[in-house]
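Only one structure is covered here, and it is reproduced in the block below.
Keep in mind the model is a prediction, meaning the values are calculated, not measured.
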Amino acid sequence: MRIPDFKLERYFARWEFAAPYLLCSSDIEGWRMGDLLALADPDARARWEGLTLGYTETPGLPALRQEIAALYPGLSPDDVLTFAGAQEAVFVLMNVLLGPGDHAIVTWPGYQSLHEVARATGADVTLLRLREEDGWALDLDALRRELRPQTRLLVVNFPHNPTGALPDRATFDALCALAEERGIHLLSDEVYRLLEYDARDTLPSAAERFSRGISLGVMSKAFGLAGLRVGWLACRDAEVLRRCMAFKDYTTICNSAPSEVLALIALRAREQVLSRSRGILSTNLALLDAFFARHADTFHWVRPRAGSVAFPRLLRDTSVARFTQELVEREGVLLLPGDVYDFPGNHFRLGLGRANLPDALSRLERFVNATR
């Protein structure tokens with residue numbers, strides 16, 4: 001396999017642990033270990049205290065898969081396969097479903113592995129562009145025009161990273177119906193699901209909708225537990241999961257035992273965990289609304305509908321790469337320039353999920369005012 005460097009990850013390798021203010025993080029503020037353990041029920045506490053550090057079951061801890069399945073009405077633990085993060089799940093699934101001669105359609109801008117791993121299998125990949133002027137909406141007519149007889153996989157990510165876009169129910173239902181009608185698998189990257197700003201906007205999962213629908217989930221984003229490295233695929237296509245599990249024998253084989261128990265604790269207390277995440281987002285979103293109103297001459301902001309990221313555009317003549325470089329050097333505030341997505345224009349990714357956003361935003365505002 002030959003695959004290009006992951007531009008986003010190389011950018012973070014340079015800055016993530018050097019910049020004091022990460023105003024572009026895609027996840028929610030991480031939990032402290034003690035606070036998470038305080039949420040454990042008696043069974044989970046006993047599992048934690050009696051844990052032995054041996055190998056775990058390849059599909060994942062049965063109790064954990066049961067809790068994950070509960071996120072998807074109509075699915076059972078047998079419809080869930082766990083991985084060491086969502087990244088491994090993407091890598092494995094792409095290699096199972098795609099190869100030379102196949103075709104995939106992937107929404108863009110987006111997380112690079114969703115299209116580059118597909119390309120690395122030998123498949124042809126079409127990037128389906130989301131447009132700022134359309135509010136980053138999914139264009140089903142454009143999608144239909146890109147379909148081929150060789151199309152084997154559609155890949156979408158909603159709530160969307162990096163724009164925070166979310167289709168309405170009718171559009172999502174039509175997407176699922178189109179994939180089902182054509183006999184195409186739909187990989188729905190749903191790592192920000194359950195972070196909708198209005199709960200009425202929450203979409204059903206792809207795995208619920210039809211048998212070829214595949215839902216990608218992870219503990220990193222909505223649950224604020226990126227350090228656990230626990231992700232999963234949920235799908236009612238038993239043969240796809242069987243093939244993924246066999247492929248996983250060549251990657252991680254099994255998950256970390258402590259991470260599985262900690263993920264179990266969080267999922268059993270998911271209402272408390274998600275309430276914390278939504279509270280952080282609500283507070284930070286109000287600050288950002290006011291910030292962008294004050295600086296409408298400097299930024300264009302399509303307000304996200306869900307998740308913990310947004311994709312504003314810098315309106316100045318200077319490039320966003322130069323703007324972000326000067327910002328981090330002068331104020332220690334890191335933004336993610338849109339060129340890491342190879343996306344045209346002066347966009348940048350903004351993270352909404354960190355507790356120190358007020359301080360970071362204050363520093364960004366100072367920089368904006370000083371460089372007018």
Which donor-acceptor pairs under 3.5 Å do side chains of residues 83-90 form with protein atoms, sequence neighbours excluded?
residue : atom : partner : partner atom : Å
Gln87   : OE1  : Ser113  : OG           : 2.8
Glu88   : OE1  : Ala84   : N            : 2.6
Glu88   : OE1  : Thr252  : OG1          : 3.2
Glu88   : OE2  : Thr251  : OG1          : 2.5
Glu88   : OE2  : Thr252  : N            : 3.3
Glu88   : OE2  : Thr252  : OG1          : 2.7

Donor-acceptor list for residues 276-292 side chains, cut-off 3.5 Å, not counting sequence neighbours:
residue : atom : partner : partner atom : Å
Arg276  : NH1  : Glu29   : O            : 2.9
Arg276  : NH2  : Glu29   : O            : 3.0
Arg276  : NH2  : Gly30   : O            : 3.3
Ser277  : OG   : Ala222  : O            : 2.6
Ser277  : OG   : Val273  : O            : 3.3
Arg278  : NE   : Leu194  : O            : 3.1
Arg278  : NH2  : Leu194  : O            : 3.0
Thr283  : OG1  : Gly279  : O            : 3.2
Asn284  : ND2  : Leu352  : O            : 2.7
Asn284  : ND2  : Arg354  : O            : 3.0
Asp289  : OD1  : Arg303  : NE           : 3.0
Asp289  : OD2  : Arg303  : NE           : 3.1
Asp289  : OD2  : Arg303  : NH2          : 2.9

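Applying the salt bridge (charged side-chain N to carboxylate O under 4.0 Å, His left out) rule to Arg144 yields the partners Asp141; only residues at least two apart in sequence or on another chain are considered. Among residues two or more places apart in sequence or in another chain, the side-chain contact (heavy atoms from CB on, under 4.5 Å) test is passed with Arg131 by Arg129, Glu133, Asp134. Among residues two or more places apart in sequence or in another chain, the ring-ring contact (aromatic ring centres under 6.0 Å, His included) test is passed with Phe247 by none.
Contacts classified as ring-ring contact (aromatic ring centres under 6.0 Å, His included) and involving residues 130-157 (residues at least two apart or in different chains) are given here: Trp136-Phe311, Trp136-Phe343, Trp136-His347.
Atom-to-atom distance recorded for Asn255:CG and Glu57:CD is 11.0 Å, nearest 0.5 angstrom. With values rounded to the nearest 0.5 angstrom, Ile3 atom CD1 is found 7.0 Å from Phe91 atom CZ. Rounding to the nearest 0.5 angstrom, the gap separating the CG atom in Asp79 from the CG atom in Leu233 is 12.0 Å. Here the straight-line distance linking atom CZ of Arg242 with atom CG of Asp237 works out to 10.5 Å at 0.5 Å rounding. Atom OH of Tyr55 is separated from atom OG of Ser256 by 13.0 Å, given to the nearest 0.5 angstrom. Taken from CZ in Phe367 to CG in Leu327, the straight-line distance is 5.5 Å, to the nearest 0.5 Å.
Taking the centre of each ring, Phe348 and Phe299 come in below the 6.0 Å mark.
Applying the 6.0 Å contact sphere to CD of Gln66 captures no more than 12 heavy atoms from other residues, nucleotides or ligands. Other residues, nucleotides and ligands contribute only 12 or fewer heavy atoms inside 6.0 Å of the CZ atom of Arg322. Remark: Arg372 CZ is packed, more than 12 non-hydrogen atoms of other residues, nucleotides or ligands lying under 6.0 Å away.
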Task: Criterion side chain to side chain donor-acceptor pair (under 3.5 Å) on Thr371 and Arg316, from CA distance to verdict - done: CA-CA 10 Å; Thr371 55; Arg316 293 182 177 178; 2.8 Å; yes
TODO: Take Arg268 and Asp41, measure what salt bridge (charged side-chain N to carboxylate O under 4.0 Å, His left out) needs, and give me the verdict at the end.
DONE: CA-CA 8 Å; Arg268 284 181 174 173; Asp41 62 19; 3.3 Å; yes
Open item on the list: Working note: Leu262 + Leu225, criterion side chain to side chain contact (heavy atoms under 4.5 Å, CB included); need CA distance, chi angles, decisive distance, verdict.
Closed with: CA-CA 9 Å; Leu262 293 169; Leu225 291 164; over 6 Å; no
Task: side chain to side chain contact (heavy atoms under 4.5 Å, CB included) assessment of Cys176 paired with Leu186 - done: CA-CA 7 Å; Cys176 293; Leu186 172 65; 3.9 Å; yes
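Between the side chains of Ser26 and Asn161, no donor N or O sits under 3.5 Å from an acceptor N or O.
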